[in-house]
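The following block contains the structure, expressed as structure tokens.
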Protein chains: 2
Amino acid sequence: MTARTDPAVERRTPLSRDRVLRAAVELSDREGIDALSMRRLGQELGVEAMSLYNHVAGKEDLLDGMVDVVVGEVDPPSDAGPWQAAVRARILSARRTMLRHPWASAVIVGRRQASPVVMGYMDSMAGILLRGGFSVDLLHHGFHALGSRVLGFSQELFDDSSDLAAGDEMQAVMLQQLAAAYPNITAIVQQVQHDEASVVGSGCDDQAEFEFALDLQLDGLERLRAAEAAR
Amino acid sequence: MTARTDPAVERRTPLSRDRVLRAAVELSDREGIDALSMRRLGQELGVEAMSLYNHVAGKEDLLDGMVDVVVGEVDPPSDAGPWQAAVRARILSARRTMLRHPWASAVIVGRRQASPVVMGYMDSMAGILLRGGFSVDLLHHGFHALGSRVLGFSQELFDDSSDLAAGDEMQAVMLQQLAAAYPNITAIVQQVQHDEASVVGSGCDDQAEFEFALDLQLDGLERLRAAEAAR
DNA sequence: AAGTTAGTACGTACGGTGTAAGCCTGTCAA
DNA sequence: TTGACAGGCTTACACCGTACGTACTAACTT
């Protein structure tokens, strides 16, 4: 069974926590988080499932480690410039990371406790705000207000990427039915489709929407910070 | 095995989609979403797991139905008053609902597509904004900015409810270690603990934080709306 | 050189999951 | 009375995470 035809040559590169985590991230990127099982991951590494338990404590620990790998990919903060620019740049870097690993946001919100790596990320982000003149109190509020946005994702309630991927006629009929049930939302859909009729790809510009929401928050926080400083 | 000692009397009240969904919600409220399996739910209803499949298409459909039940519990919108008050009241009602069903937010964000009930909820919310003078475009942006907040929950990255539930001495030691690793975040924790030294319960006031973030968003949107109207 | 020990991979097994397929029975219309 | 049928039950399957015991390997000790 084992491939040790020539033990000196066909030596299997040994497992390690790092190799396990990387393989898990790579598998999830490629086939989605649902495809990630201990057996499947072992198979991916040419190893039995139980061997993985020598390097991760269990599936929970595996997921924790994967989150750390992903969060570790986010650019470190830059200390120069006003706080808004630094926060903005870092959050947008985080967003790019999350887009590379679409499963990550769901896994992150599913963790019970933030890992040291995530805590470190948060702390450095907090540092930017404090150096930018935030009171501890406002910093605290600000973190709550930003929510998961600090990690580069916003919570979308519906997946508008593939909302209406039918033919034009079909789409018109469906739209009419939709309009009867949800007149207001249909107005949005029609507007978006009209605006981007020339642009390739249906649906709205997620990147622009993310930045809009982010800037709305940052502006609001800056206003509060300035008011606090004036007092 | 079956309890049909007297078929005319011991008749089991028949299943129905509604009864299945209600039992699922009730079980999840009581023992958490992880306790919800088809077998366990059947057991709860005095029925075999496979019998449930006569009323729900599968577990996914079950979860969809449960979301509908929960969203259906949110108060309908009030048409009176300014848009901000109406939106605020509805979102806070949604939040109360989500607090009653702690599993719901995770399930909602896990759904692939919004169900008709959720769509209806969104649509009525959109209606409030449109009647409040929003352009379709700004409405669209606003929904993205609010994110999951429209459904009454914000995405918390860490669970600060039971963060530090150890003894005082232990806590002091841990805090010191924490301070070395995460100086900025520790500042927040200490401030919160100091502020609420007299108040029962550790951690911050989640309700206040939610409202802070919500109002920050609503104020920002109102500012944009007014600017748009002036143009 | 021989013996010991620690680490790591393997194999098996257990109890859980969702659900496909077929059976059995009570209810009701013709 | 008969037939259809809806809605329950039973069995079975493929998968999951992981506890446990075994066996091989490499390094260190004597």
Side-chain angles (χ1 to χ4, degrees), chain A residues 1-25 27-28 31-67 103 106-107 110-112, chain B residues 1-25 27-28 31-67 103 106-107 110-112:
Chain A
M1 181 58 77
T2 55
R4 307 253 175 78
T5 52
D6 181 347
V9 174
E10 297 236 25
R11 167 112 286 109
R12 182 180 24 234
T13 60
L15 252 47
S16 70
R17 179 165 233 267
D18 198 62
R19 234 164 73 76
V20 170
L21 295 182
R22 272 173 210 291
V25 167
L27 174 60
S28 302
E31 305 192 22
I33 194 70
D34 287 344
L36 178 72
S37 73
M38 299 304 275
R39 283 174 174 83
R40 183 79 168 71
L41 179 57
Q43 185 179 318
E44 208 76 7
L45 287 160
V47 134
E48 220 61 28
M50 287 313 293
S51 302
L52 303 172
Y53 284 80
N54 290 315
H55 302 99
V56 288
K59 183 140 197 203
E60 293 293 288
D61 185 40
L62 175 68
L63 292 173
D64 280 336
M66 292 169 68
V67 169
W103 48 269
V107 173
R111 298 296 78 204
R112 312 198 178 288
Chain B
M1 180 61 77
T2 55
R4 305 253 175 78
T5 51
D6 182 347
V9 175
E10 298 238 23
R11 168 111 286 110
R12 183 178 24 234
T13 61
L15 250 46
S16 70
R17 179 166 233 266
D18 198 62
R19 234 164 74 77
V20 169
L21 295 182
R22 272 173 209 292
V25 168
L27 173 60
S28 302
E31 304 191 21
I33 194 69
D34 287 344
L36 179 72
S37 73
M38 299 302 274
R39 285 173 173 81
R40 183 79 169 70
L41 179 57
Q43 186 180 319
E44 208 76 7
L45 288 159
V47 137
E48 221 60 29
M50 288 312 292
S51 301
L52 302 172
Y53 285 79
N54 290 315
H55 301 98
V56 288
K59 182 139 194 204
E60 293 293 288
D61 185 40
L62 175 68
L63 292 172
D64 280 336
M66 290 168 68
V67 169
W103 48 270
V107 172
R111 298 296 79 203
R112 311 199 177 288

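Naming convention: chains lettered A, B, ... in sequence-line order (proteins, then strands); numbering from 1 in each chain. Every value quoted in this text rests on a predicted model; they were computed, and no experiment measured them.
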My understanding is that only residues two or more places apart in sequence, or in another chain, count here; which of them pass salt bridge (Lys or Arg N to Asp or Glu O under 4.0 Å) with B:Arg22?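 For B:Arg22 the salt bridge (Lys or Arg N to Asp or Glu O under 4.0 Å) partners, ignoring immediate neighbours, are B:Asp18.
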Nearest whole Å is fine: how far is D:dA19 P from A:Asn54 CG?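 That distance rounds to 13 Å.
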Would you please name every residue forming a side-chain hydrogen bond (donor to acceptor under 3.5 Å, both in side chains) with A:Glu31, sequence neighbours left out?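 If we apply the side-chain hydrogen bond (donor to acceptor under 3.5 Å, both in side chains) test to A:Glu31, skipping adjacent residues, the hits are A:Arg40.
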Under the side-chain hydrogen bond (donor to acceptor under 3.5 Å, both in side chains) test, residues paired with A:Asn54 that sit two or more places apart: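 With sequence neighbours excluded, A:Asn54 shows a side-chain hydrogen bond (donor to acceptor under 3.5 Å, both in side chains) to no residue whatsoever.
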When the C1' atoms of the five terminal pairs at each end define the local axes, what inter-axis angle does the helix from C:dA1-D:dT30 to C:dA30-D:dT1 show, to 10 degrees?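 For the helix from C:dA1-D:dT30 to C:dA30-D:dT1, the axes at either end differ by 10°.
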Starting at atom CG of A:Leu52, determine the distance to atom C1' of C:dC10, rounded to an integer number of angstrom.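 Rounded to whole Å, this separation is 12 Å.
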Tell me the closest heavy-atom pair linking A:Met66 and A:Ser28, and the distance in Å.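 Between these two residues, the closest heavy atoms are CE-OG, 3.3 Å.
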Rounded to the Å, how far apart are B:Leu15 CG and D:dC9 C1'?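 Checked: the CG to C1' distance equals 13 Å.
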Please tabulate, one pair per line, each protein N/O and nucleotide N/O from nucleotides 14-17 of chain C that are separated by under 3.5 Å, including the distance.
residue, atom, partner, partner atom, Å
C:dT17, OP1, B:Ser37, OG, 2.9

Of the listed nucleotides D:dG8, D:dC20, C:dA21, the one nearest the side chain of B:His55: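 Output: D:dG8.
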Considering all heavy atoms of both residues, which atom of A:His55 and which atom of A:Ser16 are nearest to each other, and what is their separation?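 A:His55 and A:Ser16 have their closest heavy atoms at CD2-CA, 3.7 Å.
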A:Leu41 CG to D:dT18 P: how many Å, rounded?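 Going from A:Leu41 (CG) to D:dT18 (P), I get 13 Å.
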Please name the pair of heavy atoms, one in B:Lys59 and one in B:Leu36, separated by the smallest distance, quoted to 0.1 Å.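 Shortest heavy-atom contact: NZ-O, 2.7 Å.
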Would you say a side-chain N or O of A:Ser51 is under 4.0 Å from OP1 or OP2 of C:dC10?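 Result: yes.
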With sequence neighbours excluded, tell me which residues meet salt bridge (Lys or Arg N to Asp or Glu O under 4.0 Å) with B:Glu60.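 With neighbours one apart ignored, the set is B:Arg111.
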From D:dT10, D:dG17, D:dC20, pick the nucleotide closest to the side chain of A:Tyr53?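 The answer is D:dG17, which lies nearest to the side chain.
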Can you tell me the distance, in whole Å, between the CE atom of A:Met50 and the C1' atom of D:dG21?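 In whole Å, D:dG21 C1' and A:Met50 CE are 11 Å from each other.
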Within this structure, what is the CD-to-P distance between A:Glu48 and D:dT22, rounded to whole angstrom?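 Rounded to the whole Å, the gap is 18 Å.
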Over all atoms of both residues, closest heavy-atom pair of B:Leu62 and B:Ala24: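 Closest heavy-atom pair between B:Leu62 and B:Ala24: CD1-CB, 3.9 Å.
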Taking every non-hydrogen atom, the tightest pair across B:Val56 and B:Asp61: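 The pair with the smallest heavy-atom distance is CA-OD2, 3.5 Å.
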Between B:Leu45 (CG) and D:dG7 (P), how many Å, whole number?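 Roughly 15 Å, once rounded to whole Å.
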